[in-house]
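One structure is given below, encoded as structure tokens.
Nothing here was measured: the structure is a model prediction, and the numbers come from that model. Just the heavy atoms: all of them, side chains too, but no hydrogens, waters or symmetry mates, feed the values below.
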Protein chains: 4
Amino acid sequence: MAGNTIGTIFRVTTFGESHGAGLGCIIDGVPAGLALDEAKIQAALDRRKPGQSFAGQNNASVTSRKEDDKAEILSGVFEGKTEGTPIALVIRNTSQRSKDYGNLASSFRPGHADFTYFEKYGFRDYRGGGRASGRETAARVAAGEIARQVLCALFGDVRITAYTKRAAGISCGKIDLGAIEKNSLRAADIDAANAMNERIEELRRSGDSAGGIVECIVSGIPAGLGEPVFSKLDAEISRAVMSVGAVKGIEFGAGFGAADMTGSEDNDEMRLGGGAVKFSSNNAGGILGGISNGNEIVFRAAIKPVPSIFREQKTIRTDGSGFSETDLLIEGRHDVCLCPRIVPVIEAMAAITLADLALQNMAARI
Amino acid sequence: MAGNTIGTIFRVTTFGESHGAGLGCIIDGVPAGLALDEAKIQAALDRRKPGQSFAGQNNASVTSRKEDDKAEILSGVFEGKTEGTPIALVIRNTSQRSKDYGNLASSFRPGHADFTYFEKYGFRDYRGGGRASGRETAARVAAGEIARQVLCALFGDVRITAYTKRAAGISCGKIDLGAIEKNSLRAADIDAANAMNERIEELRRSGDSAGGIVECIVSGIPAGLGEPVFSKLDAEISRAVMSVGAVKGIEFGAGFGAADMTGSEDNDEMRLGGGAVKFSSNNAGGILGGISNGNEIVFRAAIKPVPSIFREQKTIRTDGSGFSETDLLIEGRHDVCLCPRIVPVIEAMAAITLADLALQNMAARI
Amino acid sequence: MAGNTIGTIFRVTTFGESHGAGLGCIIDGVPAGLALDEAKIQAALDRRKPGQSFAGQNNASVTSRKEDDKAEILSGVFEGKTEGTPIALVIRNTSQRSKDYGNLASSFRPGHADFTYFEKYGFRDYRGGGRASGRETAARVAAGEIARQVLCALFGDVRITAYTKRAAGISCGKIDLGAIEKNSLRAADIDAANAMNERIEELRRSGDSAGGIVECIVSGIPAGLGEPVFSKLDAEISRAVMSVGAVKGIEFGAGFGAADMTGSEDNDEMRLGGGAVKFSSNNAGGILGGISNGNEIVFRAAIKPVPSIFREQKTIRTDGSGFSETDLLIEGRHDVCLCPRIVPVIEAMAAITLADLALQNMAARI
Amino acid sequence: MAGNTIGTIFRVTTFGESHGAGLGCIIDGVPAGLALDEAKIQAALDRRKPGQSFAGQNNASVTSRKEDDKAEILSGVFEGKTEGTPIALVIRNTSQRSKDYGNLASSFRPGHADFTYFEKYGFRDYRGGGRASGRETAARVAAGEIARQVLCALFGDVRITAYTKRAAGISCGKIDLGAIEKNSLRAADIDAANAMNERIEELRRSGDSAGGIVECIVSGIPAGLGEPVFSKLDAEISRAVMSVGAVKGIEFGAGFGAADMTGSEDNDEMRLGGGAVKFSSNNAGGILGGISNGNEIVFRAAIKPVPSIFREQKTIRTDGSGFSETDLLIEGRHDVCLCPRIVPVIEAMAAITLADLALQNMAARI
């Protein structure tokens, strides 16, 4: 049952329900002596939280939940440095409008975890999705920022950048990483972002929602990270990213496109450039045999559309003694497309996985 | 460094290099009292091993390595029943044609793990890929069959069926599970299989190789399996399947297709049928919030083309003191498309993950 | 580095330094549906905390640190029942008299972890022992009470009772469990407790301290708990109890006394009584082959004397650049004998270990 | 149920029943590049195995089971160096006199695990104790030798020496490590060894058995090993040593003696000698706050007398449908005192634990 921990050396254990007293995590295994930049942890949380004036999101929803998402560190840091002891981090839930959710106490929302939690545990926390709420990802983002700082301390200039590559059926025409924080979709192409927004606004007006694809690019990781055979770098990143709600698929490098390639097209040839190893391409996504090859690590995640839509849906309900059919109309306010808010979460999961494998790798050779 | 174990309760630890004395695994956490069908373990291994006269595979390669892949169980079974103690299983390497690989001792094959193992460990076992060889999957298949028997003992008629959905750019036009073992590609459509074979033969003659997509369908799993939040059922299956060499992506249900759907299209509505819960569709792939919903579990894996091709490739080599450029022409014989041989491995990884989460779920409620 | 977690299914991860913002734990793997008695968690903490007017303890010390030790549960409980999600529990540090410890920032107290933390991490949190402070055990006690409630939910009337069997060289002459909470030493014999107190007062006046032996008796545990071969019940309890500061040894049943017994003296013979299995004695301490046999589980822990004494001691100090010798006189106030305060901690460690093995045992048979 | 693995980075998973096809282990997490001395692994096994003409042991028993205990390494070593991949090691059972044990198939031997295995699993492997047999420790000894080689590669001259400190009520009068391998009891005092033998022979003639105390001294371990708070060095060694059958207690340094000491007696004062840190004594047993302090690590284990005695004992039996009382007379041949054969096993458990914590410690600081 203990499914709330990720990592072997760099270990993150999260807790918290959407409308409980608070959420957070314990980050164990952070090496001692790291000069922790706490301001950047709060900055990472601010980047994830709702309430940013994003076009393509229901502004009412923005006002419906104003979370400060203020992180408090309770342990593990002394005189600005990590102690090598667990870092506990707590975020209070300041806005718990449980009454919004009362009408959903008995019905199972299609596309949500309501039914499966009920089946697994015999009852469920119906307050805003309980443990299955996207709110749980705030703790991941905080832990991810600490992981990023560990990676930079180990390897120097490590950059982990995710962006919305496609949303509502519209793809970025180019990849301009500088554009990502300049548009509400966190797309890497301003023109595509505008088109995405237009389509998403239409969907919102019709009470519907949109999905998309988020790509993550990691640079600065040396060759050698990843543990054969089950803890391969791509296997561990996949587990970490697939554990984020709404992610339905992941692919590395050429990914599903490799299925249609021939070996001569797919193989990345190798040469030397200035003494360094250079790959002619990156269809491998920076990973060979589950171990980083020094090239950029590139993967994409498929994000399903927001399941909370404003149309009557067929579903079932329970009065505790059994099931009966019902037609459900969800109220309240919700995002229309999760991509921009999932971007920092996916960066965090990549950072957590890489930090853990980087620390594991310290024992690779005698 | 201990990356060779998968599972929390049902734990599999594999060992073995391609051309060492042998390979195998320890399967710990198998409940006591299971009447183990050992013949089915051997049958599963026979289904995976090379040497089956598959069109679309280089027959010479078939003869190049005749492995009996005879599994010997050394422990954990007494009077035909599992004892609740570790089951150790060993497969001897009877054909170790190391000389075939001598010429690859210093050069790094593009698309293989040669370079990354060298970078990680400072040297590498160049005999047939060493630990990174596909041969390692034999142990997974044996463990997977035991996992499947555990699942059937727990839930009755659990069926785990993978097949080649697409290969060399050709897709199955229909899904006829009865056709899978009747064609060399393990496709679910005989006509498509013939077309795949034709194209694969062309590629083989030109010294090239092909990729594809394998789909896996699991029926008979009740609702409730999967542990929030990091050990979600889809997250754990993804880790398990992505840990198989040559797999470059995985998706569940609508998968990457969900990225282009709207919420009203993607949500699986719920109704009751004969008292049982029925879903109007299965875009979720049988998993909601990381927990099985009782529907079929459906996922697809992207298989990259075989990296061993018979064309001169640009790469680098080492004499131990540094790197230099070289042009490499691989000899020996190899499969052209991995899909049919990966099918049983993917079924095994699904079984291992499901058995572990099924046993974990026993402690879900008081 | 991630040494702050204990348990496989019932998993406890603690955090917190003596004088940081707070301490606590995440308890993962608590089955859903347990009607949690939160008042008993606070009662367990109150029983452990300083400030109880115990004779034999420095009253000034009692006043020196008045911790409320109020536990706040942040997650995992809904409508009075456990949700099957992580239970996070935080205890604020309300009294952080760091200035008391300033003079110890550079010197290593004999018998304390000051030197080893400095050697391991390169610097140390000198505020009241930091992570190595006994204060960390508050989180264990809270988790232990939850574990106890899980055990009672599983097995009915489980009783875990520890007491001071020996202190300052004086042993209990009898075992009267009813006396334990009626004397400041938590001894099971009032007369012995008075003699212990007298001797401890003498030691306190001379600036010295005392050690002792704590025995723990667990009744109500059925046969079958414990996992061969490394997770034996006695092995796991030993790890859990030895992880408590000041514990220098542990023994089960006849323990070290068994070293001088013959097989005919040591073997517990078996008979039936009213259909139930009865043992003629309990030299095994309720455990055979690492698995509970249904008899009472009995173990003893050796508690070293409090290392903080009020006599000048030879030690070394560092100015950051190297070591130099110094003579240290510790100030502030401290307990003289840890036994009474360690009693609830040892009960907690037994409960945590038993709950974990009880949940693991659910998957023992098919 | 997965209790057959020990270690986090240096991980050992053992398998095998007393009279199955074989036993062995997988050692995962051995760093790559270690020049493995395989001859020393066999030498360690030879030192543990029965058949050495030890006075004080039933010579008949010696002849009763002639095991070659030949270890075969199946993986993880290439060109004499560890590959960083799992090392699988198998020892065949060449002498499986199952018929000897047929008469014990239904009765539970007092002091053995027969009853608890039956209660846990619903049936048991009655062949020579099955998984609970001391034979399982052969795999530990092989893994321990590899761990010892890892420690020497990391720290230079690490010495792990255990010996019989007390047996049959007789203690060593001095500690002469040179004497250990020169007497059948592995005592550190030849005169004491002779007295022990005399007493043990008497016990054997009367069909009884003896217990004892084994002490282990480890030198060459630097300060800093051990992970707060649950993975303390002493906690992990305790778990490892207590997981060895027949061990009923463990103590470090002054151990239970510390219970009667005062703080001024127990504290090890510190001084500098030639720049190095010197402790005035070693009551701590080389561990402070769960972390090695650079002093010798010293612990003692209590060994219970062999439970197999040749006197009629009261016990119970089962015919599968229930229990009934019976009087049991054990036949066959057995050791009279386990101390000399447990000495190498305890050394192995110390080595395995130290190697794991040494590798974990590599990630302690940034």
Any chance you could lay out the side chain to side chain contact (heavy atoms under 4.5 Å, CB included) test for T5(A) and T5(C), step after step, and finish with the verdict?
CA-CA 10 Å; T5(A) 298; T5(C) 298; over 6 Å; no

At their closest point, which heavy atom of G22(A) faces which heavy atom of S75(C), and how far apart are they?
O-CB, 4.4 Å

Please round to the nearest 0.5 Å and tell me the distance separating atom CZ of F123(C) and atom OG1 of T82(A).
6.0 Å

As a test of understanding, state which of N4(C), T14(C), T13(C) forms a side-chain hydrogen bond (donor to acceptor under 3.5 Å, both in side chains) with D28(A).
N4(C)

CZ of F15(A) to CD1 of I73(C): how many Å apart, nearest 0.5 Å?
12.0 Å

Side-chain touch P86(C)/R131(A), heavy atoms, less than 4.5 angstrom:
yes

Shortest non-hydrogen contact from E17(A) to G76(C)?
OE1-N, 2.8 Å

Under 4.0 Å between a side-chain nitrogen and a carboxylate oxygen: does that hold for R124(A) and E79(C)?
no

Return the NZ to CG distance between K81(C) and D125(A), rounded to the nearest 0.5 Å.
11.5 Å

Salt-bridge contact K120(C)-E83(A) (side-chain N to carboxylate O under 4.0 Å):
no

